[in-house]
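The structure under discussion appears below in the form of structure tokens.
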Amino acid sequence: MGTETARSVHGRVDRPILYRWGAWCARRAWRVIAVWALVIVGAGLLVPKFTDSLTGSSLKVDGSDSARVETLLTEKFASPVSEDAVVVFDSTRHTADAPAYRAAVGAAVAALRDQEGVLDIADPYAADDPTLFSEDRRTLLVPVGLGGGERDRQDTVPRIQDTLDDVAADGEGDSVDVMLTGSSALNAAVVEQQDKDLARAESIGLPIALLVLLAAFGTLVAACLPLLLGVVALVTSFGALGAVSGVVSFDVFSQAVVTMLGLALGIDYCLFAVTRMREELAARKGDVPAAVGATMATAGKAVLFSGCTVIISVAGLLVVRAPVFRTMALGVMIAVAAMLAVATTLLPAVLGLLGPRIDKLAVPGMKRSVRTTDVSRSGWARWTKVVMRRPVLVGGLTGVVLLLAILPAAQLKLGFDVGASAVSDAPAGRGYELVADKFVPGAATPLQIVLDKPAGALDDADLAALEQLTERLRDNDDVAEVQSVTDVLRQQTGGVDAAGLRTLMEAAKQDGEGLGRLIATDGRTTALAVLPREAADSDASVDLVHWIRDTAVPDTVGERDGTSAFVGGLSAQTVDISEEVSRATPLVLALVLGLSFILLLLAFRSLLLPLSAIVMNLVSVGAAFGLLTLVFQEGHGASLLDFTSGGFIQAYLPLLTFVILFGLSMDYEVFLISRMKEEWGHSRDNTRAVTEGVAHTAKVITAAATIMMVIFAAFMITKVVEVKQMGFALAVAVLVDATLIRVVLVPALMRLLGSSNWWLPGWLDRVLPRVELTEGSAPPPDDAPARDEAAGRPREEPAARG
């Protein structure tokens, strides 16, 4: 390209544009900081908008059976109930026959009839249904039909519970407890619980992260800077998410993921830059703009590529046909973009403002860490030399350890925990436990089967098939109860035929009672409610969904006259999202791996380095999945981590965890390999490049990994199972990645590959655009030749390219 390259204290500096940008920000620090002050204020005002709009975990899959059921129930029925919930009444002092108990039930039913979002509720005493009363008659259920979408229902259920609390307070004190439970009620309770857990996790993680930074830097100013900017990045991320929350509904789990990544990546990116800034300040004799420019041209661009890799990895989730994945991907991408904005604008301005003062307020007893030392004689350099002298032995032993960690992942099983145990103290959790203990657990989260015949109204043959399906369901031992229009027909008319159905529907229109939940107004669609005997997140309920879809429906209804049957409800959603994850995983893997390879190819201008980086990342992710399976699925260490194993991993967690872990692993890979690339450009000696690269980055990678592990591990104290599982997986992956992978397996592999690490075919080198991490020019330190000679290495010009 004809561009002359020059070196900083440790190698060549990046392209001029980033150097000039960093120096510009340093010279105009107060202007940049003033702009960011306005951004932070605006973001702070938008944060409540984001947190207030969060919904519980959605398992909806676009185009699935369960999604079709929700659409049909909402659009075609006179009573467009999209979810069946239950109000649970319980008393230790009265039975359901006591006047005080009956008065409490009557008052609650009357209050809820006028409640917005409640479409259907009946007096259990008038219904005279024995299945609504527990055996000891101290607990009673009132089925409630809720309308609207998922977000609407989760906005409705807190208001319903407030109404029920007021009814209970107006009665005889606490003699009768009243609780709303069901899918949306549990989700709303999980949102509230997670807010508390996140605040607690942050209060634990941030102080420990500060101690790690103090140990790494030895000065209070240098240690506080990454922490402060990490918090700024998090606030900016939440503000940006708040700005788009009016058009996008974010899952509550996205708040936990963004918090974890926002703090961890924000601190890490600033940590990398501060470390390099201190080196450049020492090399450039206090020339602050030049030091900031060189920092941005090296560590800054490594951060930029790392962040882009995370965004590319997470973007792979956009191909999954489930809103939970798409909104999660959007949330993380916005958050990482906000972090990169902080790292490439606010950070150089603050570095320029501080200058040499970054080493002020040294911690007593740790002044040594402030001074620049010869890393070539450090313990990390000696360790790397040991690895590279015995690459087969050391690498082989490490590979065996990692393989043993990966093996349990082959038994990974997907499922879904409704979160009742996490909110056992909330009304929704207590109500759910009462339903499970005194009735059938499926009563709180029933299955819904919808038969739809677009060609015309249901005829005698359709109703006969429907009755056959109803009886087939009742004969299944996993089914406690079935509600079907055929039962109403037989009770009211003595038979099951189309003429009787039309008569019944006409009578219902006149007296306003009856069939709105069971038959559509056009007579073409009918719904059945199926109460499983087991909980919605149990294997038995999932197996029941498979049996209904694969056996019961084909054997009875089949595909006749265009009639279709769809199964919905929470258990059906669990099945649908598990199948969607299985379908989308190969596509997500292909996109993430392919795009990451292209980005790393541009960054390192090598064929083998991107391939080895991808393999190393897959190994660390596999080890994390193996240990996740061993602990959370098999239950090893459950008492230590305070959870009860459900025998599965949360359905959407593995795919989400993969893309995040892959991006995080690239964080260290880019930082490590880019430093090796600098040394390779200086010496063209593979062994020396690897040794110097590890020696220069191992300390900061270790500190960064420790901070990440602390922050991720802090989220393991939460009660919400998916947050606990995510925190564990991320913490373990970072531990494996920063120890066994980056400072053992990578040096061993690169030693075996030798100079082939850096090979790129000439034709490809000419075709690829020049965006590699170490390309470009910037003013070298004035004393670079003297320092190179003093260090015992001749100052060589980089070899010509191409």
Side-chain angles (χ1 to χ4, degrees), residues 7-13 216 272 275-276 278-280 282-283 298-299 302 369 371-399 600 603-606 608-610 612-613 615-616 667-705 737-759 772-774 784 787-799:
R7 289 169 285 126
S8 71
V9 60
H10 296 298
R12 291 179 297 168
V13 184
F272 294 158
T275 301
R276 188 62 181 247
R278 298 170 88 199
E279 295 180 17
E280 296 295 345
T298 50
S369 65
R371 297 194 297 267
T372 303
T373 59
D374 185 1
V375 295
S376 63
R377 296 184 175 87
S378 67
W380 287 112
R382 291 193 295 272
W383 164 253
T384 307
K385 291 174 182 177
V386 170
V387 172
M388 299 186 75
R389 278 198 298 268
R390 300 285 187 272
V392 176
L393 176 62
V394 177
L397 290 175
T398 304
L600 293 177
F604 298 139
R605 305 194 75 79
S606 161
L608 290 182
L609 286 178
S612 63
V615 171
M616 293 298 102
D667 185 28
Y668 300 131
E669 183 77 12
V670 169
F671 192 66
L672 173 63
I673 301 298
S674 62
R675 200 55 181 262
M676 292 180 180
K677 181 74 171 177
E678 284 189 56
E679 300 300 334
W680 169 255
H682 175 63
S683 67
R684 287 300 192 264
D685 183 330
N686 180 69
T687 301
R688 178 170 161 184
V690 174
T691 303
E692 292 285 309
V694 173
H696 278 293
T697 60
K699 181 179 178 180
V700 67
I701 285 178
T702 301
D737 194 70
T739 54
L740 297 179
I741 302 290
R742 301 302 159 205
V743 296
V744 181
L745 209 55
V746 169
L749 180 62
M750 294 188 72
R751 174 67 179 86
L752 292 173
L753 294 175
S755 59
S756 299
N757 286 305
W758 317 100
W759 177 74
E772 62 171 310
L773 291 180
T774 58
R787 285 185 296 97
D788 282 341
E789 292 167 7
R793 24 183 218 262
R795 188 170 184 251
E796 305 168 1
E797 291 301 321

Audit row: Thr739, Val744, side chain to side chain contact (heavy atoms under 4.5 Å, CB included) steps and yes/no: CA-CA 7 Å; Thr739 54; Val744 181; over 6 Å; no
Looking only at non-hydrogen atoms, find the nearest pair between [X] and [Y] and report the distance.
X: Gly395; Y: Ala748; value: CA-CB, 4.1 Å
X: Gly399; Y: Leu745; value: N-CD1, 4.4 Å
X: Leu600; Y: Ala613; value: CD1-CB, 3.9 Å
X: Phe272; Y: Ala299; value: O-CB, 3.9 Å
X: Thr691; Y: Thr384; value: CA-CG2, 3.8 Å
X: Ala689; Y: Trp758; value: CB-CZ2, 4.3 Å

Side chain proximity check, Met676 to Leu609, heavy atoms < 4.5 angstrom: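 No; the side chains remain at least 4.5 Å from each other.
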Spatial distance of atom CD (Glu279) from atom OG1 (Thr298) [nearest 0.5 Å]: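 Separation between the atoms: 8.5 Å.
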CZ on Arg684 to CD on Glu679, rounded to 0.5 Å: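 One gets 12.0 Å once the value is rounded to the nearest 0.5 Å.
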Donor-acceptor under 3.5 Å (Ser683 side chain, Trp680 main chain):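 Flag not set: sc Ser683 to bb Trp680 has no pair under 3.5 Å.
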Identify every side-chain donor-acceptor pair in residues 750-757 under 3.5 Å, counting partners at least two apart or on other chains, and give the distances.
residue, atom, partner, partner atom, Å
Arg751, NE, Met388, O, 3.3
Ser756, OG, Leu753, O, 3.4
Asn757, ND2, Asn686, OD1, 3.1
Asn757, ND2, Met750, O, 2.8
Asn757, ND2, Gly754, O, 2.7

Side chain to side chain contact (heavy atoms under 4.5 Å, CB included) involving Leu393 - partner list, sequence neighbours excluded: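 Testing Leu393 for side chain to side chain contact (heavy atoms under 4.5 Å, CB included), a comparison that skips the adjacent residues, returns Arg390, Leu397.
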